[in-house]
Amino acid sequence: MAEQRDYFEEVYEVVRLIPKGRVTTYGSIARYLSLRAGARMVGWAMNGCRNRPDVPAHRVVNSVGLLSGKHFFGGPTIMQQLLEDEGVRIEKDRVVDFKTLLWDPSLELAI
DNA sequence: TCACTGACGGCTG
DNA sequence: ACAGCCGCCAGTG
């Protein structure tokens with residue numbers, strides 16, 4: 001179907017705005033877009049972004065900085081390598097200094 | 001139609 | 001700090 005969920009596109013747009021070397025969370029995106037569906041649907045939206053190379057899904061982690069979606073990158077270390085290549089340190093599938101690197105659209109974009 | 005699952009998050013003990 | 005439970009929406013058996 002040509003008609004994707006509108007919030008899918010909105011999610012992709014926000015994800016594309018994430019600066020290199022920064023990360024954000026599913027919940028932050030959901031809150032920024034006022035998705036009452038919650039973070040789960042953001043994750044579901046990311047599932048559809050696998051066909052979209054321009055969407056840096058690796059910069060999206062869960063609320064504790066855990067690379068919960070690493071297994072969906074074709075390998076258990078792909079997501080980690082992508083992040084480390086941008087200067088984000090990963091330790092035990094978790095973003096180091098996650099709270100500092102967190103890029104919350106609700107704050108940074110200041111809607 | 002019901003039940004279970006999932007790239008999550010918040011609340012409670 | 002940690003573990004468990006519930007709610008949220010969509011897809012699948």
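Everything quoted here is computed from the prediction, not taken from an experiment. Below, chains carry the letters A, B, ... as their sequence lines are ordered, and counting in each starts from 1.
In this structure, A/R31 atom CZ and C/dC8 atom P are separated by 18 Å, rounded to whole Å. The distance between atom OH of A/Y7 and atom P of C/dC8, rounded to the nearest whole Å, is 15 Å.
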*In B/S/- notation, 5' to 3', how is nucleotides 2-7 of chain B contacted by protein heavy atoms closer than 4.0 Å?*
----BB
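Between A/V15 and A/V60 the shortest side-chain heavy-atom distance falls below 4.5 Å.
Across every non-hydrogen atom of A/M79 and A/A57, the tightest pair is CE-O, 4.1 Å. Contact between A/E86 and A/G21 at its shortest, heavy atoms only, is OE1-N, 3.4 Å. A pairwise comparison of heavy atoms in A/G65 and A/V61 identifies CA-CG2, 3.8 Å as the closest pair.
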*Where do A/W103 and A/L17 land on the side chain to side chain contact (heavy atoms under 4.5 Å, CB included) test, with the steps shown first?*
CA-CA 10 Å; A/W103 182 85; A/L17 293 176; 4.0 Å; yes
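The phosphate of B/dG9 (OP1 or OP2) has a side-chain N or O of A/S63 nearer than 4.0 angstrom.
With sequence neighbours excluded, the residues forming a side chain to side chain donor-acceptor pair (under 3.5 Å) with A/D93 are A/K70, listed by chain and number.
Across the P atoms, C/dC5 and B/dC4 are found 15 Å apart, a figure rounded to whole Å.
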